[in-house]
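Please read the structure below before turning to the comments.
Side chains included, hydrogens not; waters and symmetry mates left out as well; all remaining heavy atoms used. Residue numbers begin at 1 in each chain, while the letters A, B, ... track the order of the sequences.
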There are 2 protein chains.
Amino acid sequence: MSGATSEQAVPIGTASRLSGVKVPTIRYYEEIGLLRPPARSEGNRRHYAGAELRRLAFIRHARELGFEIEAIRTLLALQDDPGQPCEAADAIARARLTEVEARIRSLMALRQELEQMVASGRHGVVGECRVIEVLADHGQCAHPHHHPPAVPGRAATAGPPRPKGRRPG
Amino acid sequence: MSGATSEQAVPIGTASRLSGVKVPTIRYYEEIGLLRPPARSEGNRRHYAGAELRRLAFIRHARELGFEIEAIRTLLALQDDPGQPCEAADAIARARLTEVEARIRSLMALRQELEQMVASGRHGVVGECRVIEVLADHGQCAHPHHHPPAVPGRAATAGPPRPKGRRPG
DNA sequence: CTTGCTCCTCCAGTCGCTGGAGGAATTAGC
DNA sequence: GCTAATTCCTCCAGCGACTGGAGGAGCAAG
Ligand SMILES: [Zn+2]
Ligand SMILES: [Zn+2]
Ligand SMILES: [Zn+2]
Ligand SMILES: [Zn+2]
């Protein structure tokens, strides 16, 4: 038996090396239904061939660009159905771009604050340390990297919007 | 009794509004030992006065600048001991600055890729969508936002370094 | 005295993995 | 053929930094 007709199928370790996705992560993607369960060998080992390897590379690439798992799920579903209009895919990418832009702006403000903390030459004792000083008093910050934390007397209606989960890259 | 000698102590909800830190988060900070357990009222409610409120504002500010909990723990310990040299505090801030700079560079590369995906005018059908196309093939990316995912033939020795946990702001 | 708010504790869930335990199967070398 | 090393399997707990719900107690106003 076993005529080796298809593109050669590789075990999970090789798929991991080829894609740059760790072995447990590949299994995790299968578990959450992002990757279809691949064929198994006699000894119950997963074997990945062309299509699945391409899917895995797609996922990896999308993750590197910071797309969430749910977004990738949608993108993969779209990819499987090439006749559909691609509005949804474009919207996902545009939304990600908007997020990235916002994040960059935010980080640039942070960078400036941090630079001013560390760049002010002389430090020596904690009691006179600019780092500690600024952290203790946001008033010393040049830019409002956040809306001020409701100084005594008034109360903000809502907490600051904080993103969930981590983002690669 | 109760001559109201100290700065007026407030319950947790007010502390939350004053600091911008959510109530469960304040309790969480206490649980992990970042905030000292405050005095309690007769009815077992937490009451926060000046020192603790200042500590809370410090934590909030540091979190907004993206310092990790462990770093904040160190910074708070330093703050409590103003005679010590502030090298440790400065090092923490410089390390954070370096991280932020790296992150900005990385996000700017991502931004460029995403811009090229979405900006190429005409999309219509998934089969011809540039978003899907680029995701399926990193070779179409202008810049190597990562070292290439080991194209068939060679294997990378280590997976890509990915940061853990989330970062605000 | 009832209504409605705040507070309490405990605990499970979020996101996207990561890694260990304990065992089976395959491969390499002799 | 036999052993040793490696790879694979499943299951499950843990990470960081919260977030929020359940179920109940306290407390101030109408
Ligand atoms: Zn200093
Ligand atoms: Zn600030
Ligand atoms: Zn498109
Ligand atoms: Zn790419």
Note: for B:His47 and A:Glu70 on DNA chain C, the residue whose nearest nucleotide lies more 5' is B:His47

Separation of [N] [atom2] from [X] [atom1] (nearest whole Å):
X	N	atom1	atom2	result
A:Ile59	C:dC17	CD1	P	10 Å
B:Ile72	D:dA17	CD1	P	8 Å
A:Glu31	D:dC11	CD	P	9 Å
B:Arg63	D:dG16	CZ	P	12 Å
A:Leu35	C:dC17	CG	P	12 Å
A:Tyr28	D:dG14	OH	P	18 Å
A:Arg17	D:dT7	CZ	C1'	9 Å
A:Ile12	C:dA24	CD1	P	20 Å

On a heavy-atom basis, which atom in [X] and which in [Y] lie closest, and how many Å separate them?
X	Y	answer
A:Ala93	B:Leu114	O-CD2, 4.3 Å
A:Ser19	A:Leu56	OG-CD2, 3.5 Å
B:Ile132	A:Phe58	O-CE1, 3.7 Å

When you check every protein heavy atom under 4.0 Å of nucleotides 24-30 of chain D, what one-letter string (B, S, -) results, 5' to 3'? -BBS---

Ranking C:dC7, D:dC18, C:dC17 by distance to the side chain of B:Thr25, first place goes to D:dC18

B:Tyr29 has a side chain; which of D:dG20, D:dC18, C:dT18 sits nearest to it?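 Side chain of B:Tyr29 sits closest to D:dC18.
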
Go through the side-chain N and O atoms of B:Gln79 and B:Arg55 and say whether any donor and acceptor fall under 3.5 Å apart.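 Their side chains do not contain a donor-acceptor pair, so the 3.5 Å distance test is not met.
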
Just call it for B:Arg27: base, sugar-phosphate, or nothing, with non-hydrogen atoms closer than 4.0 Å on any strand.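 Here B:Arg27 touches the bases of the nucleic acid.
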
Axis-to-axis angle between the two ends of the helix from C:dC1-D:dG30 to C:dC30-D:dG1 (five base pairs per end, rounded to 10 degrees): 0°

Is there a side-chain polar atom (N or O) of A:Arg40 under 4.0 Å from OP1 or OP2 of C:dA25?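 The answer is no; no side-chain N or O of A:Arg40 sits under 4.0 Å from OP1 or OP2.
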
Contact under 4.0 Å: A:Lys22 side-chain N or O vs C:dG16 OP1/OP2: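 So the side chain of A:Lys22 is outside the cut-off, no N or O lying under 4.0 Å from OP1 or OP2 of C:dG16.
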
Side-chain donor/acceptor of [X] to backbone N/O of [Y], under 3.5 Å:
X	Y	answer
A:His47	A:Ala39	no
A:Arg27	A:Ile12	no
B:Arg96	B:Leu65	yes

Measure the spacing between CZ of A:Arg103 and CG of B:Leu110 and express it to the nearest 0.5 Å. 11.0 Å

